[in-house]
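Quick note on labels: first sequence line is chain A, next is B, and so on, each numbered from 1.
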Protein chains: 2
Amino acid sequence: MDTSRKRNTAREESLSVILHHAERIFAEYGFKGATMQAIADAAALPKANLHYYFPTKLALYREVIERIFTIWLEAADSFDTSASPREALSRYIRKKMEISRAHPCGSKVWANEVIQGAPIIQDYLQTTLGAWTDSRIEVINRWIAEGQIDPINPRHLLYMIWATTQHYADFQHQVVTLNGGKRLDDSQWDAATKSVTEIILRGIGA
Amino acid sequence: MDTSRKRNTAREESLSVILHHAERIFAEYGFKGATMQAIADAAALPKANLHYYFPTKLALYREVIERIFTIWLEAADSFDTSASPREALSRYIRKKMEISRAHPCGSKVWANEVIQGAPIIQDYLQTTLGAWTDSRIEVINRWIAEGQIDPINPRHLLYMIWATTQHYADFQHQVVTLNGGKRLDDSQWDAATKSVTEIILRGIGA
DNA sequence: CAATTTCTTGACTAGTTGGTCAGCTATGCT
DNA sequence: AGCATAGCTGACCAACTAGTCAAGAAATTG
């Protein structure tokens with residue numbers, strides 16, 4: 001049943017190209033501001049072709065969000081609960097910074113979605129994100145009980161990590177502007193990651 | 001020339017009401033997603049009346065942005081360069097947290113604007129924000145030179161403060177959801193402010 | 001009071017945009 | 001080859017929305 005290699009790859013290629021450009025356009029113009037025509041132009045496809053793969057704009061948007069959430073889960077996994085606070089947190093922060101660098105548009109779409117009240121991802125926030133957060137808060141509280149870190153509020157620590165790392169993606173434009181209009185280079189990303197990691201780890205006495 | 005009290009106050013009242021609701025609608029739906037009709041409905045005015053005071057949607061949006069920037073400047077002033085690091089930074093962080101609580105919509109509009117490449121506020125970023133940032137970096141470097149704080153990268157410290165404090169406004173919906181759907185109460189805002197301040201101050205050895 | 005200016009508003013227009021559809025082409029199967 | 005299926009596309013339409021406008025209401029002035 002090795003049905004049609006050419007068709008399958010063509011399909012996957014089209015889907016991939018559309019989703020890639022849709023992410024960019026949604027990030028740049030927001031859900032309403034992004035037009036199917038603009039996405040089609042970016043993907044170098046006729047608009048009707050988009051509607052062949054995705055029945056509605058909302059369906060396309062949902063798919064984009066879905067993919068972003070997958071990446072988010074990947075970062076979440078890197079928070080190793082069996083490691084030491086220093087090890088677990090610095091690994092997690094580094095991973096989040098890498099994502100901010102590699103997928104700024106995805107991060108922006110996510111941010112836009114949350115700012116606008118998360119009409120689509122409400123479920124994720126309540127279920128998956130909620131459960132993950134609770135489990136990590138438990139771990140952090142254990143670290144505190146064991147005297148491995150200072151008694152800080154775990155929730156606010158997590159918010160600080162999210163906010164700071166995602167800032168480099170979501171506010172990329174501001175960061176670049178304040179960097180003289182030049183994108184951060186390798187060493188600057190490295191310095192940013194080090195700074196964030198050090199301030200936070202020292203901040204909690206790890 | 002004490003020209004017409006009733007008219008002037010009516011005018012100011014209308015302007016104020018429109019701007020207030022416009023901020024909310026822009027925050028919730030983005031620039032393109034917000035419609036003049038929706039703003040008019042929120043302000044309980046006929047749409048044509050909006051166009052009497054603001055010729056175009058963009059003009060209204062600019063005015064909203066302008067007001068937000070004023071608030072931002074107010075916070076910027078609270079960064080007292082003649083105080084000690086502990087004093088200056090904790091005051092600044094507290095002020096920024098207060099703004100996040102009092103003006104979440106303004107913060108969201110600003111965030112949206114930056115995420116989408118800051119088409120309107122590019123000037124502010126380059127001039128006013130750029131100059132302010134440079135001046136504070138100088139002060140922070142002085143603190144480092146005097147041994148009052150650890151040698152950290154001032155720029156990334158500022159980004160961390162901005163990101164973390166604004167997170168409570170921009171990601172309000174996520175914060176509330178993870179708080180069991182309840183808005184933060186007085187004591188929770190206080191705890192958040194304390195946590196943020198403590199982690200950051202300890203993080204830089206202040 | 002009448003004239004003038006400011007403010008208000010329903011109705012309309014032009015332009016945009018999400019989505020449809022009928023017909024086309026390319027691929028795979030027997 | 002011939003048939004079936006998946007993929008592609010230009011042309012079209014209905015809905016929505018920013019902005020206009022002319023006519024009227026309300027306030028101010030001389």
Side-chain angles (χ1 to χ4, degrees), chain A residues 1-65 109 112 116 119-120, chain B residues 1-65 109 112 116 119-120:
Chain A
M1 260 298 199
D2 175 52
T3 180
S4 60
R5 187 158 314 265
K6 212 164 190 175
R7 270 190 189 166
N8 276 342
T9 56
R11 180 176 193 89
E12 278 159 37
E13 175 68 14
S14 284
L15 285 172
S16 166
V17 167
I18 292 170
L19 286 168
H20 174 75
H21 288 97
E23 183 176 290
R24 253 191 42 228
I25 303 290
F26 279 130
E28 192 167 348
Y29 301 100
F31 175 72
K32 193 65 194 285
T35 66
M36 292 298 270
Q37 189 62 61
I39 296 170
D41 289 349
L45 290 171
K47 191 184 62 143
N49 205 347
L50 262 62
H51 280 102
Y52 174 73
Y53 287 106
F54 301 95
T56 66
K57 185 181 177 182
L58 191 61
L60 172 55
Y61 181 71
R62 279 178 188 280
E63 197 63 35
V64 168
I65 288 276
V109 173
N112 242 310
Q116 298 183 13
I120 306 294
Chain B
M1 262 292 203
D2 173 50
T3 180
S4 60
R5 187 160 313 267
K6 212 164 188 174
R7 269 192 188 164
N8 275 344
T9 56
R11 181 178 190 88
E12 278 159 36
E13 174 68 14
S14 283
L15 284 172
S16 166
V17 167
I18 292 170
L19 286 167
H20 174 77
H21 287 98
E23 185 176 289
R24 254 192 39 228
I25 302 292
F26 279 130
E28 193 167 346
Y29 300 100
F31 175 73
K32 193 66 193 286
T35 67
M36 292 299 269
Q37 189 63 60
I39 296 170
D41 290 348
L45 290 171
K47 190 185 64 145
N49 206 344
L50 261 62
H51 279 102
Y52 174 73
Y53 287 106
F54 301 95
T56 65
K57 185 180 175 181
L58 189 62
L60 172 54
Y61 182 72
R62 279 178 189 279
E63 197 64 32
V64 168
I65 288 277
V109 173
N112 241 311
Q116 298 183 13
I120 306 293

- request: May I have the distance from A:Tyr61 (atom OH) to C:dG19 (atom C1'), rounded to whole angstrom?
  value: 20 Å
statement: To the nearest angstrom, the CE-P distance between A:Met36 and C:dG19 comes to 6 Å
- prompt: Nearest-Å distance, CZ (A:Phe54) to C1' (C:dT20)?
  reply: 18 Å
field: Heavy atoms of other groups near A:Tyr29 OH, more than 12 under 6.0 Å
entry: no
- line: In whole angstroms, the gap separating P of D:dC16 from CD of A:Gln37 amounts to 20 Å
- request: With rounding to the nearest 0.5 Å, note down the distance linking CD1 in A:Ile39 to CD1 in A:Ile18.
  value: 9.5 Å
- prompt: Base, sugar-phosphate, or nothing for B:Ala59, non-hydrogen atoms under 4.0 angstrom?
  reply: nothing
query: Do A:Asn112 and A:Phe31 have side chains that get closer than 4.5 Å, going by heavy atoms?
result: no
- prompt: Are side-chain heavy atoms of B:Phe26 and B:Leu60 found at a separation under 4.5 Å?
  reply: yes
query: Quick one: B:Leu15 CG to C:dT8 P, roughly how many Å, whole number?
result: 10 Å
statement: Result for 5'-nearest mapping on DNA chain D, choosing between A:Ala48 and B:Lys57, is A:Ala48
message: Check the phosphate of C:dC7 against B:Tyr52, side-chain N and O only, distance under 4.0 Å to OP1 or OP2. Yes or no?
response: yes
- request: Side-chain contact test, heavy atoms from C-beta onward, threshold under 4.5 Å: evaluate it for A:Leu50 versus A:Phe54 and give yes or no.
  value: no
Atom pair distance, as rounded to whole Å: NZ in A:Lys32 and C1' in D:dA15: 11 Å
message: With a cut-off of less than 4.0 Å, is there a side-chain N or O of A:Arg11 near OP1 or OP2 of D:dG7?
response: yes
- prompt: Is a donor-acceptor contact shorter than 3.5 angstrom present between the side chain of A:Lys47 and the base of C:dG19?
  reply: yes
Between P of C:dG18 and NE2 of A:His51, the distance in whole Å: 7 Å
message: If you only use heavy atoms from C-beta on, which nucleotide in D:dG19, C:dT17, D:dT9 is closest to the side chain of A:Thr35?
response: C:dT17
message: Base, sugar-phosphate or nothing for B:Ala40? Non-hydrogen atoms, less than 4.0 Å.
response: nothing
query: Please give, in whole Å, the distance from D:dC16 P to B:Ile39 CD1?
result: 18 Å
message: Assuming nearest nucleotide by heavy-atom distance, tell me which of A:Thr56 and B:Pro46 is located more 5' along DNA chain C.
response: B:Pro46
